[in-house]
Amino acid sequence: MARWYLGTFPPPFGGVTTKNLNLYTALSENTEIGKIDFSEIKSKDISKLLRLISVFFN
């Protein structure tokens, strides 16, 4: 079973995105984990959207 952290990561934002990055970094030290960055999807990066869809179906 693959693990994924879904969220928005900095830049260009702060606060919650910084928390997401810190949590992802801590988790990745102890387990294999991928990252889906919602800010990349919002910027219309189709490859990231397709990766998100494949994560949901796998």
Side-chain angles (χ1 to χ4, degrees):
M1 177 179 172
R3 291 177 183 89
W4 290 88
Y5 192 95
L6 308 176
T8 305
F9 295 85
F13 307 105
V16 173
T17 60
T18 302
K19 181 263 316 170
N20 286 341
L21 179 60
N22 291 338
L23 183 55
Y24 170 78
T25 301
L27 289 170
S28 66
E29 291 174 0
N30 298 311
T31 187
E32 187 175 326
I33 187 169
K35 176 173 74 171
I36 301 288
D37 187 345
F38 290 155
S39 63
E40 293 175 344
I41 294 171
K42 287 179 185 177
S43 68
K44 298 183 175 60
D45 186 337
I46 299 301
S47 67
K48 304 298 182 181
L49 177 60
L50 294 175
R51 181 190 293 170
L52 175 63
I53 292 168
S54 73
V55 165
F56 281 130
F57 287 104
N58 290 325

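Owing to the predicted nature of the structure, the values given are computational and were not obtained by experimental measurement.
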Exercise for review: Quick one: pull up OH in Tyr5 and CG in Leu23 and give me the separation to the nearest 0.5 Å.
Suggested key: 4.0 Å

Study note, to complete from the structure: For Arg3 and Glu32 the tightest heavy-atom approach is CB-O, 3.9 Å

Point to revise | Nearest-0.5 Å distance, CG of residue Leu27 to NZ of residue Lys35 | key: 12.5 Å

Review point. For Tyr24, does its backbone N or O pair with a side-chain atom of Ser28 as donor and acceptor, under 3.5 Å?
Key: yes

Check your understanding: What is the distance from atom NZ of Lys42 to atom NZ of Lys48, rounded to the nearest 0.5 Å?
Key -> 16.0 Å

Review point. Looking at side-chain heavy atoms only, is the closest gap between Thr17 and Leu21 below 4.5 Å?
Key: no

Exercise for review: Could you work out the complete set of other residues in the hydrophobic cluster of Ile36, with links drawn between I, L, V, M, F, W and Y side chains under 4.5 Å apart?
Suggested key: Trp4, Leu6, Phe38, Ile41, Leu49, Leu52, Ile53, Val55, Phe56, Phe57

Check your understanding: Got a donor-acceptor contact below 3.5 angstrom from the Asp37 side chain to the Phe9 backbone?
Key -> yes

Check your understanding: So with a 6.0 Å cut-off around NZ of Lys19, is the heavy-atom count from everything else above 12?
Key -> yes

